[in-house]
Amino acid sequence: MSRIAAGIALSALIAPAWPADAVDPGPRLLEQVRQWQDLGRPQDARHALDQLFLMAPPASALHAEALTLEALGQIQQKQPQQARQTLARLRAAHPGYPGVARVELMLRLRGEDSGKLQRARALAEAGRAEEAYAAFNQLYRGRPPEGGLELEYWQLVARLPGDGWRRAQAELQRLRTAYPSSHQTRIALASIYLLHPPVPQAVLDELLALSQFDDSRDDAMGLWRRALLQGSGNAPLDSYRQYLLRAPDDQTVKSRMEEEDAVQSRQRELLADPGYRALLASGQQLDANLLAAAEQSLKLASVRYGRDPQFLQNLGRLRERQGRYADAAAAYRQGLALGGGDGSGGWTMPAWPRCWRRPSLRWKDRTGPRPGRSWTTPDASSRTTTACWWRRLIGTRPAKTCPRRAITTGWRCGASLTTGRLWPV
């Protein structure tokens, strides 16, 4: 190969690979205009617009979008008269372009309907999400305008019941894909995950990345802090450390990290204990109705955890399944005495006492399930009532005498705590 040929080959290898949008810089310039406007830098936006107008044919969609962005930027800079003049040029050159409606809407929101916009925002800030949603829809008469108002709208939708969060997540993800350089769009998408903690690790990583940019640092740090403080021990310790590298004086987050570190250390110690693993296994075995296996697991766990409220709850469940109701009541009573049942001991009261699963019994107490109510899938309010009734049954309230039997029972039922027998009422 000659030296000339070798030089040509080498030049081809080291030549820079130009991006595809270098052939048509129009879309990239549009994105730059939007970015500068989001950042509140009108001079940079103006410079990118000037380049667009130089290269865009007057009858093209690129020219129409440039005029639209110019008018929206003028509205943002509180120049309504100039915005109306630009709107007139847009109507004349591109009468059917959707940007005309976008500019008209923003002029209306900044002018005659500004009071309605403030009232809708006040409803949202007061926590009246559904009323605010209706007010915004009436105001926008369709989809929200793009930019900050659109992000605000979908953050509100995420707070609605039903599929509101799913709709908002899909729309904000679409906007993030369409405008990858918009930090505010990424902030808005991350913010809705705080509505349903714990926040996924991917979102914490996104907040870490956004905290490195001047225009999104404060918002990202605020959301990151809230996510760490609202979590229930699911955030990894590294997320706390990364946050504290950027906010070393935040004593609240530092204290929470120390608490979580202690909890996780304790959990690791417990999981290394065969007795504790047996205690956990007994709960799963009871859920699967494996009574013999649960009996063996509880026997192993009793050596170290015989007075643990969780152990006593599982023991009570086992005895109840075995028909040993007096023993079950005794276990539940002991668990309550040790701090279980009210949240302080880490377990809840059994939801469905055995005697309530006997449709042959006629219940006259109005705190119990009424005829026709499902015995296996009761509503949430019945569970609260049941737990309250069960506390009475096992002796946390003064016992009463059954009106039909001369025996002392828990609360007008036929369950004898002495013999464990079930009496018809």
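Side-chain atoms of Ser191 and Gln155 form a donor-acceptor pair, as typed in the model, at a separation below 3.5 Å. No side-chain donor from either of Gln313 and Arg317 sits under 3.5 Å from a side-chain acceptor of the other. Residues Tyr153 and Asn137 have side chains that bring a donor and an acceptor to within less than 3.5 angstrom of each other. Between the side chains of Arg34 and Gln37, no donor N or O sits under 3.5 Å from an acceptor N or O. Counted by atom type alone, Glu320 and Tyr332 present one or more donor-acceptor pairs between their side chains at under 3.5 Å. Tyr97 and Glu65 form a side-chain donor-acceptor contact under 3.5 Å, judged by distance and modelled atom types alone. Looking at Gln184 and Ser216, their side chains never bring a donor and an acceptor atom within 3.5 Å of each other.
With hydrogens and angles disregarded, a donor-acceptor distance shorter than 3.5 Å links the side chain of Arg108 to the backbone of Leu139. Side chain of Arg246 to main chain of Gln242: a donor-acceptor pair is present (N/O by atom type, distance under 3.5 Å, no hydrogens or angles). Distance alone, capped at 3.5 Å, is enough to place a donor-acceptor pair between the Asp250 side chain and the Val253 backbone. No donor-acceptor pair closer than 3.5 Å links the side chain of Ser114 to the backbone N or O of Arg110.
Contact record, Asn314 with Leu279: ND2-O, 3.5 Å, taken as the closest heavy-atom pair. Counting all heavy atoms, side chain and backbone alike, Gly99 lies closest to Leu90 at C-CD2, 3.9 Å. Residues Met106 and Ile75 approach most closely at CB-CD1, 3.7 Å, considering heavy atoms. Annotation for Leu207 and Ala190: closest pair CD2-CB, 3.8 Å, computed over non-hydrogen atoms. Taking both residues in full, the closest heavy atoms of Gln230 and Pro197 are given as OE1-CB, 3.6 Å, listed atom of the first, atom of the second, then distance.
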Would you check, one step at a time, whether the test side-chain contact (heavy atoms from CB on, under 4.5 Å) holds for Leu67 with Phe53?
CA-CA 9 Å; Leu67 283 173; Phe53 285 126; 3.9 Å; yes
Under the criterion side-chain hydrogen bond (donor to acceptor under 3.5 Å, both in side chains), I'd like the reasoning laid out for Thr177 against Arg174: C-alpha separation, chi angles, the key distance, then a yes or no.
CA-CA 5 Å; Thr177 303; Arg174 178 187 63 81; over 6 Å; no
Candidate pair Gln85 and Arg89, rule side-chain hydrogen bond (donor to acceptor under 3.5 Å, both in side chains), full reasoning
CA-CA 7 Å; Gln85 294 173 359; Arg89 291 166 52 204; over 6 Å; no
Run the side-chain contact (heavy atoms from CB on, under 4.5 Å) check on Thr185 and Leu189 step by step: do they pass?
CA-CA 6 Å; Thr185 300; Leu189 177 58; 5.7 Å; no
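Residue Glu130 qualifies as open at atom CD: its count of foreign heavy atoms under 6.0 Å is 12 or below. Few gaps surround CZ on Arg217; more than 12 heavy atoms of other groups in view lie less than 6.0 Å from it. The neighbour count for Arg277 CZ, taken as heavy atoms of other residues, nucleotides or ligands under 6.0 Å away, is above 12.
In this structure, the ring of Tyr240 has its center no less than 6.0 angstrom from the ring center of Trp224.
At least one side-chain heavy atom of Leu270 sits less than 4.5 Å from a side-chain heavy atom of Tyr305. Under the 4.5 Å side-chain criterion, counting only non-hydrogen atoms from C-beta, Ser297 is in contact with Gln285. The closest side-chain heavy-atom distance from Arg256 to Leu228 is not below 4.5 Å. Gln51 has its side chain out of reach of Leu54: every pair of non-hydrogen atoms, C-beta onward, lies at least 4.5 Å apart. Side chains of Gln169 and Trp154 form no contact here, defined as non-hydrogen atoms less than 4.5 Å apart. Annotation: side chain of Glu269 is not in contact with side chain of Tyr276 (no heavy-atom distance under 4.5 Å). Side-chain atoms of Trp36 and Gln43, non-hydrogen and from C-beta on, never get closer than 4.5 Å to each other. Side-chain contact between Pro145 and Tyr140 is present, with at least one heavy-atom pair separated by less than 4.5 Å.
Rounded to the nearest 0.5 Å, atoms OH (Tyr193) and CD (Glu206) are 10.0 Å apart. Separation of atoms CG (Asp308) and CG (Leu315) is listed at 12.0 Å; rounding is to 0.5 Å. Annotation: the span from Leu156 atom CG to Arg128 atom CZ amounts to 13.0 Å, rounded to 0.5 Å. Interatomic distance, OG of Ser211 versus OH of Tyr243, reported as 10.0 Å (0.5 Å rounding). Atoms CG and OG, on Leu151 and Ser182 in that order, are 6.5 Å from each other to the nearest 0.5 Å. The distance from atom CD1 of Ile192 to atom CD of Gln173, rounded to the nearest 0.5 Å, is 9.5 Å.
Asp50 has a carboxylate O that lies under 4.0 Å from a charged side-chain N of Arg46, or vice versa, which qualifies the two as a salt bridge. In this structure, Glu104 does not pair ionically with Arg84, as no charged nitrogen and carboxylate oxygen lie closer than 4.0 Å. With respect to the salt-bridge test (charged N to carboxylate O, under 4.0 angstrom), the residues Glu295 and Arg319 qualify. By the 4.0 Å N-to-carboxylate-O rule, Arg143 lies close enough to Glu171 to be salt-bridged with it. For Lys254 and Glu259, the salt-bridge test fails: no basic side-chain N is under 4.0 Å from an acidic carboxylate O.
Residues meeting the side-chain hydrogen bond (donor to acceptor under 3.5 Å, both in side chains) test with Arg119, sequence neighbours left out: none. The side-chain hydrogen bond (donor to acceptor under 3.5 Å, both in side chains) search around Ser60 returns none, not counting sequence neighbours.
Ring pair His94/His63 is tilted by interplanar angle, where 30° to 60° counts as tilted.
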